[in-house]
Amino acid sequence: MAVKKKRKSPVTESEIITLTNVSKAYSTGAPALKDVNLRISRGEFVFIVGDSGSGKSTLIKLLLRELTVSSGYINVMGYDLSKIKHRKIPKFRRNLGIVFQDFRLLKDRNVYENVAFAQRIIQKSNKEIKKNVPSILAIVGLAGKYKAKPRQLSGGEQQRVALARALVNQPTILLADEPTGNLDPKNSWEIMKLLEQINENGTTVIVVTHNREIVNAMQKRVVTLRRGVIISDEEKGGYIDED
């Protein structure tokens with residue numbers, strides 16, 4: 001019997017990310033995501049949680065278009081990621097800010113140059129860079145550290161540099177993949193407060209995390225993945241324990 005194809009759900013103006021019946025299998029055939037449906041509106045703050053192997057990293061890579069779906073449909077900021085041409089991917093990614101657990105700073109460049117690098121990629125003028133970089137460094141509390149190299153900074157300060165770099169191009173969406181994973185509790189909370197402030201200014205923020213305390217305390221929308229399936233999606237949610 002022929003399998004009936006599932007129709008794409010229409011994307012509304014308020015939705016900035018839409019996943020419809022998304023599945024992703026690795027080359028081994030092992031499923032990473034199975035029939036995932038998710039809608040995120042402009043200006044939302046969403047935690048994506050789940051144990052290792054739950055599909056969180058795969059989901060982020062799909063949203064970045066580092067991976068393509070095995071089946072289903074993804075729309076991010078009006079881009080159909082199943083059909084987007086390879087040459088248009090850099091333009092698509094200009095609207096995304098990305099923060100990783102391991103900072104990924106350029107070790108041979110100072111704080112100012114690490115942040116300016118993101119502006120040079122999109123060919124901002126030197127005049128714009130000289131205006132924008134100090135401004136964003138002030139927002140993340142690093143105005144006085146612009147000459148420092150990454151090795152001269154604490155872990156929390158390095159993550160602030162990474163955050164400044166992600167924000168300097170004024171992204172529509174900020175994706176943070178375990179942004180507090182290498183930080184102590186005090187610095188973790190400071191980074192989360194910055195992310196909340198950024199969200200209050202209109203940026204859609206999506207945070208992948210294992211930090212149970214932060215998730216439970218912040219009372220944001222929480223999407224829980226388990227073995228590639230969304231098992232919970234709650235406003236003002238918390239961290240769900242494994243059975």
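Keep in mind it's a predicted model, so treat the numbers as computed, not measured.
Both Leu19 and Leu175 sit in one connected hydrophobic cluster of ILVMFWY residues. Membership requires side-chain heavy atoms under 4.5 Å apart, directly or through other members. Leu195 and Leu64 fall into different hydrophobic clusters, where Ile, Leu, Val, Met, Phe, Trp and Tyr residues are linked whenever their side-chain heavy atoms come under 4.5 Å apart, directly or through other members. Linking ILVMFWY side-chain heavy atoms closer than 4.5 Å, directly or via other members, places Ile191 and Trp189 in a single hydrophobic cluster. Under a hydrophobic clustering in which Ile, Leu, Val, Met, Phe, Trp and Tyr are joined whenever their side-chain heavy atoms come within less than 4.5 Å, directly or via other members, Leu59 and Phe92 fall into the same cluster. Using a 4.5 Å cut-off between side-chain heavy atoms of Ile, Leu, Val, Met, Phe, Trp and Tyr, with links allowed through other members, Val215 and Ile48 fall into different hydrophobic clusters.
Looking at Arg227 and Val229, their side chains never come closer than 4.5 Å, going by heavy atoms from C-beta outward. Contact of the Tyr239 side chain with the Thr224 side chain is not registered, since no non-hydrogen atoms from C-beta on lie closer than 4.5 Å. In this structure, the side chains of Asp177 and Val99 stay at 4.5 Å or more apart for every pair of heavy atoms. Residues Tyr73 and Lys83 are not in side-chain contact: their nearest non-hydrogen atoms beyond the backbone lie 4.5 Å or more apart. Between Thr172 and Leu96 the shortest side-chain heavy-atom distance does not fall below 4.5 Å. Under the 4.5 Å side-chain criterion, counting only non-hydrogen atoms from C-beta, Val207 is not in contact with Val46. Looking at heavy atoms from C-beta onward, Phe47 lies out of side-chain contact with Val208 at the 4.5 angstrom threshold. A 4.5 Å side-chain heavy-atom check between Ser23 and Leu33 finds every atom pair outside the cut-off.
The backbone N or O of Arg65 lies less than 3.5 Å from a partner atom in the side chain of Arg93, making a donor-acceptor pair. In this structure, Asn199 contributes its side chain and Gly43 its backbone to a donor-acceptor pair below 3.5 Å. No donor-acceptor pair closer than 3.5 Å links the side chain of Ser41 to the backbone N or O of Glu15. When atom types are taken as modelled, the side chain of Gln101 and the backbone of Thr180 share no donor-acceptor pair closer than 3.5 angstrom. When atom types are taken as modelled, the side chain of Gln159 and the backbone of Phe100 share a donor-acceptor pair closer than 3.5 angstrom. Using modelled atom types, one side-chain atom of Ser70 and one backbone atom of Ala25 make a donor-acceptor pair closer than 3.5 Å.
Leu63 contributes atom CG, which lies 6.0 Å from atom CD1 of Ile206 (distance to the nearest 0.5 angstrom). Between the OG1 atom in Thr204 and the CD1 atom in Ile173 there is a gap of 5.5 Å [rounded to 0.5 Å]. Summarising the geometry, atom CG belonging to Asn187 is positioned 13.0 Å from atom CE belonging to Met192; distances are rounded to the nearest 0.5 Å. In this structure, the separation between CD1 on Ile40 and OG on Ser14 is 12.0 Å, given to the nearest 0.5 Å. Note: Thr209 OG1 to Met218 CE = 10.0 Å, rounded to the nearest 0.5 Å. Residue Leu163 holds its CG atom at 13.5 Å from CD of Gln158, rounded to the nearest 0.5 Å.
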Cut-off 3.5 Å, no hydrogens considered: what does the side-chain donor-acceptor table look like for residues 113-120, sequence neighbours left out?
{"from": "Glu113", "atom 1": "OE1", "to": "Arg120", "atom 2": "NH1", "distance (Å)": "2.7"}
{"from": "Asn114", "atom 1": "OD1", "to": "Leu106", "atom 2": "N", "distance (Å)": "2.7"}
{"from": "Asn114", "atom 1": "ND2", "to": "Leu106", "atom 2": "O", "distance (Å)": "3.1"}
{"from": "Asn114", "atom 1": "ND2", "to": "Arg109", "atom 2": "O", "distance (Å)": "3.0"}
{"from": "Asn114", "atom 1": "ND2", "to": "Asn110", "atom 2": "O", "distance (Å)": "3.1"}
{"from": "Gln119", "atom 1": "OE1", "to": "Asn132", "atom 2": "ND2", "distance (Å)": "2.9"}
{"from": "Gln119", "atom 1": "NE2", "to": "Val168", "atom 2": "O", "distance (Å)": "3.4"}
{"from": "Gln119", "atom 1": "NE2", "to": "Asn169", "atom 2": "OD1", "distance (Å)": "2.6"}

Side chains of residues 140-150: which donor-acceptor partners sit under 3.5 Å, not counting sequence neighbours?
{"from": "Lys145", "atom 1": "NZ", "to": "Glu157", "atom 2": "OE2", "distance (Å)": "3.4"}

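A salt bridge links Arg104 with Asp102: the closest approach of a Lys/Arg side-chain nitrogen to an acidic carboxylate oxygen falls below 4.0 angstrom. We find that Arg160 and Glu190 are joined by a salt bridge, their nearest charged nitrogen and carboxylate oxygen being less than 4.0 Å apart. Under a 4.0 Å N-O distance rule, the pair Glu196/Lys220 qualifies as a salt bridge. Looking at Asp233 and Arg221, a side-chain N of the basic residue comes within less than 4.0 Å of a carboxylate O on the acidic one, giving a salt bridge.
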Would you please test Ile214 and Ser188 for side chain to side chain contact (heavy atoms under 4.5 Å, CB included) and show each step?
CA-CA 8 Å; Ile214 284 174; Ser188 294; 4.0 Å; yes

Show your working on side chain to side chain contact (heavy atoms under 4.5 Å, CB included) between Lys34 and Val22 and close with a plain yes or no.
CA-CA 7 Å; Lys34 294 178 278 189; Val22 167; over 6 Å; no

Intermediate values then yes/no, side chain to side chain contact (heavy atoms under 4.5 Å, CB included), Val49 and Leu225
CA-CA 6 Å; Val49 304; Leu225 283 165; over 6 Å; no

Begin from the C-alpha positions of Ile74 and Val69 and carry the test side chain to side chain contact (heavy atoms under 4.5 Å, CB included) through to its verdict.
CA-CA 8 Å; Ile74 299 181; Val69 299; 3.5 Å; yes

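Checked by atom type, the side-chain pair Thr58/Tyr26 shows a donor-acceptor distance below 3.5 Å. No hydrogens or angles considered: nothing links the side chains of Asn75 and Asp80 as a donor-acceptor pair under 3.5 Å.
Nearest heavy atom pair, residue Ile136 against residue Ala164, reads CG1-O, 3.8 Å. In terms of heavy atoms, Lys24 sits closest to Leu62 at CB-CD1, 4.4 Å. When all heavy atoms of Ala166 and Pro171 are compared, the closest pair comes out as O-CG, 3.4 Å.
Around atom CD of Gln170, no more than 12 heavy atoms belonging to other residues, nucleotides or ligands sit under 6.0 Å away.
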